[in-house]
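Can you read through this structure? Questions will come right after.
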2 protein chains.
Amino acid sequence: MKLAEAKAQFISSWGAFATHWGINRTMAQIHALLLISPNPITQDDIMEQLNISRGNVNMNTRELIDWGLVDRVLVPGERKEFFSAEKDIWKVSTQIIKERKRRELDPMLKLLAQLEKIEGDKKDKDTQQFIDTVQGIKKLGSQADKMLDVMIKAEENWITGSLLKFFK
Amino acid sequence: MKLAEAKAQFISSWGAFATHWGINRTMAQIHALLLISPNPITQDDIMEQLNISRGNVNMNTRELIDWGLVDRVLVPGERKEFFSAEKDIWKVSTQIIKERKRRELDPMLKLLAQLEKIEGDKKDKDTQQFIDTVQGIKKLGSQADKMLDVMIKAEENWITGSLLKFFK
DNA sequence: ATTAACTTTCATAAATTATTGAAAATTCAA
DNA sequence: TTGAATTTTCAATAATTTATGAAAGTTAAT
């Protein structure tokens, strides 16, 4: 396989995978493009390479910056803005974990804490099942929360370094 | 908060969270409803409780069964089919991990293995960055793959039981 | 201050995804 | 068998999400 073909394949597949994870296809494709670009590139570069509009690039680069995965870079002597992605995949995954935890897990745990303390007859089967379910999810969520905190703080190759050896 | 209100809140929020994870809102709501229902319920029950059409219920219960999260249950003396969800949250999470791994991670690793072996000048900056990126993701993916396998096989509360103690 | 380069906004359009509901298929009791 | 109860299918439609592009806004060199 030639480089150009492989690049296209990578960008396109990355976008497809992303849609299974609640992430906008184009945002993922821009991220993929930036990941394989050795040097920072411009809005126009992205428009051209992915065949998308200026507004679309603007909106999705902003989102990527918001996620802490991409930076604006100033290139001396250039008027245009350049974009550059964090290339260290471990840092990328840590950053994504951190953000999703903050945006989704934390609010969910907050909600479950509310739902847990409903008023009502604890002997009622419906009430009982509701409480059991909410508590179960809350417990799982809290544990996951703690584990993710550890992972975020851990060293680059936390999995190889410690986790796997432990389980062997 | 009253039970009815809490139930409605739970179902609605569960659906909202799901959309952030590439999961159909209605499918998640049906799952939530089944999780808090102490006894198996019918297609008509679901239609009524969630105000959705028969076709919609049919399609999404099938999908939930496909994911291994819900079962059809025969109730003696009843003509209709009943549905029941696995209530053990740890089993539920394990099952979801297993399925997503199979459906998404495994194919992704397969693709990356292909892309890794492109032909071209390894000294070229673009080629170099492409290979680095693909290899980095592949490495991360493989490690995650192994970790998830361990988690799937581990006992009920894998996190408390082993992971967390180890990191303390 | 002017202006050309560049970026952002946002109303509208396009594409995608989810839902409906009625017809077809299936199941099962009599 | 028959037919009533129930489930499934799927073309049509609705809802949601994403993309466009031209106008408005910003920036910085002169």
Side-chain angles (χ1 to χ4, degrees), chain A residues 11-34 40-67 69-84 103-104, chain B residues 11-34 40-67 69-84 103-104:
Chain A
I11 290 170
S12 142
S13 304
W14 203 246
F17 282 124
T19 59
H20 289 140
W21 287 89
I23 291 154
N24 176 284
R25 187 199 311 291
T26 302
M27 176 172 150
Q29 290 188 344
I30 293 176
H31 191 213
L33 174 61
L34 286 168
I41 61 178
T42 67
Q43 204 175 51
D44 291 273
D45 292 333
I46 298 171
M47 287 169 64
E48 193 186 329
Q49 302 254 349
L50 303 182
N51 264 291
I52 57 179
S53 72
R54 187 174 300 286
N56 201 0
V57 172
N58 189 272
M59 157 179 271
N60 283 294
T61 47
R62 176 126 51 81
E63 190 76 1
L64 283 165
I65 291 169
D66 222 54
W67 274 80
L69 300 172
V70 166
D71 282 325
R72 282 181 212 282
V73 175
L74 292 177
V75 174
E78 289 274 11
R79 181 73 186 277
K80 287 184 181 174
E81 284 182 333
F82 286 70
F83 297 98
S84 167
R103 296 171 187 219
E104 293 144 32
Chain B
I11 290 170
S12 142
S13 304
W14 204 246
F17 283 124
T19 59
H20 288 139
W21 288 89
I23 291 153
N24 177 284
R25 189 199 310 290
T26 302
M27 177 173 150
Q29 290 187 344
I30 293 175
H31 190 213
L33 174 61
L34 286 168
I41 61 179
T42 66
Q43 205 176 52
D44 291 272
D45 293 332
I46 298 171
M47 287 170 64
E48 193 185 329
Q49 303 253 348
L50 302 183
N51 264 289
I52 56 180
S53 73
R54 186 175 302 284
N56 201 0
V57 171
N58 189 272
M59 156 177 272
N60 282 294
T61 46
R62 176 127 47 85
E63 190 76 2
L64 282 165
I65 290 168
D66 222 55
W67 274 80
L69 300 171
V70 165
D71 281 326
R72 280 180 213 284
V73 175
L74 292 177
V75 173
E78 290 274 12
R79 180 75 186 276
K80 288 184 181 175
E81 285 182 333
F82 286 69
F83 297 97
S84 166
R103 295 171 188 220
E104 293 145 32

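Letters A, B, ... are given to chains in the order of the sequence lines, protein chains preceding strands, and every chain is numbered from 1.
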| Who pairs with Thr19(B) by side chain to side chain contact (heavy atoms under 4.5 Å, CB included), at least two apart in sequence or on another chain? | Arg25(B)
| request: For a side chain to side chain contact (heavy atoms under 4.5 Å, CB included) with Leu34(A), tell me which candidate from Leu69(A), Asp71(A), Val70(A) qualifies. | output: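 Only match with Leu34(A) under side chain to side chain contact (heavy atoms under 4.5 Å, CB included): Val70(A).
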| Glu81(B) has an atom CD; how far is it from atom C1' of dA5(D), in whole Å? | 12 Å
| query | Expressed in angstrom and rounded to an integer, what is the separation of Asn51(A) atom CG from dA19(D) atom C1'? | reply |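 My rounded result for the distance is 13 Å.
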| query | Mind checking what makes side chain to side chain contact (heavy atoms under 4.5 Å, CB included) contact with Thr42(B), not counting sequence neighbours? | reply | Asp44(B), Asp45(B), Lys80(B), Phe82(B)
| Value in whole Å for how far the P atom of dT7(D) lies from CG of Asn56(B) |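 That distance rounds to 15 Å.
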| said: Under the rule for side chain to side chain contact (heavy atoms under 4.5 Å, CB included), what residues qualify as partners of Thr26(A), not counting sequence neighbours? | reply: Asn24(A), Ile30(A), Ile52(A), Asn56(A), Asn60(A)
| Verdict with reasoning, Gln43(A) to Arg54(A), per side-chain contact (heavy atoms from CB on, under 4.5 Å) | CA-CA 7 Å; Gln43(A) 204 175 51; Arg54(A) 187 174 300 286; 3.0 Å; yes
| Under a criterion of less than 4.0 angstrom to any heavy atom of chain B, what are the 5'-terminal and 3'-terminal contacting nucleotides of DNA chain C? |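 The protein-touched segment is dA18(C) to dC28(C).
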| query | Which part of the nucleic acid, if any, lies within contact of Met59(B), taking any heavy atom under 4.0 Å across all strands shown: a base, the sugar-phosphate backbone alone, or nothing? | reply | base
| query | Roughly how many Å is it from CG in Asn60(A) to C1' in dT20(D), rounded to a whole number? | reply | 13 Å
| message | Distance check, rounded to the nearest 0.5 Å: Trp14(B) atom CH2 versus Ile23(B) atom CD1? | response | 9.5 Å
| field | Partners meeting side chain to side chain contact (heavy atoms under 4.5 Å, CB included) with Glu104(A) (sequence neighbours left out) | value | Arg100(A), His20(B), Trp21(B)
| said: For the helix from dA1(C)-dT30(D) to dA30(C)-dT1(D), what angle separates the axis at the start from the axis at the finish, each from five pairs, in steps of 10°? | reply: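 For the helix from dA1(C)-dT30(D) to dA30(C)-dT1(D), the axes at either end differ by 20°.
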| message | Let's see if you can work this out: which of dT27(D), dT8(D), dT9(D) has an atom nearest to the side-chain heavy atoms of Arg79(A)? | response |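 When the side chain of Arg79(A) is considered, dT27(D) is the closest of dT27(D), dT8(D), dT9(D).
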| Minimum-distance pair of heavy atoms, taken over all atoms of Val57(B) and Met47(B) |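 Looks like CG2-CG, 3.6 Å.
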| Earlier contact from the 5' end, DNA chain D, for Phe82(B) and Ile23(A) |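 It is Phe82(B), whose closest nucleotide lies nearer the 5' terminus.
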| said: In this structure, how many angstroms lie between the C1' atom of dA14(D) and the CZ atom of Arg25(B), rounded? | reply: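 One finds 14 Å between C1' of dA14(D) and CZ of Arg25(B), rounded.
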| query | Mapping Arg62(A) and Thr26(B) to their closest nucleotides on DNA chain C, which lands nearer the 5' end? | reply | Arg62(A)
| Spatial distance of atom CG (Leu64(A)) from atom CZ (Arg62(A)) [nearest 0.5 Å] |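 Answer for the CG-CZ pair, Leu64(A) versus Arg62(A), is 11.5 Å.
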| task | Round to the nearest Å and state the distance from Leu74(B) atom CG to dT7(D) atom P. | result |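 Those two atoms, CG and P, are 11 Å apart.
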| field | Separation of atom CD in Glu78(B) from atom C1' in dA5(D), rounded to whole Å | value | 12 Å
| task | Using heavy atoms to find the nearest nucleotide of DNA chain C for Thr19(A) and Arg72(A) separately, return the residue whose nucleotide is more 5′. | result | Arg72(A)
| task | For Lys80(B) and for Gly55(A), find the nucleotide of DNA chain D with the closest heavy atom, then tell me which residue's nucleotide is more 5'. | result |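 With Lys80(B) and Gly55(A) compared, the 5'-side residue is Lys80(B).
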| side-chain N/O Asn58(B) vs dT8(D) OP1/OP2, d < 4.0 Å | yes
| Once you round it to whole Å, what is the distance between C1' of dT7(D) and CD1 of Ile52(B)? |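 Going from Ile52(B) (CD1) to dT7(D) (C1'), I get 15 Å.
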| query | Between Ala28(B) and Ala18(B), which heavy-atom pair has the shortest distance, and what is it? | reply |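 Residues Ala28(B) and Ala18(B), closest heavy atoms: CB-CB, 3.3 Å.
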| query | Reckon Arg54(B) touches a base, only the sugar-phosphate, or nothing at all at heavy-atom distances under 4.0 Å? | reply | base
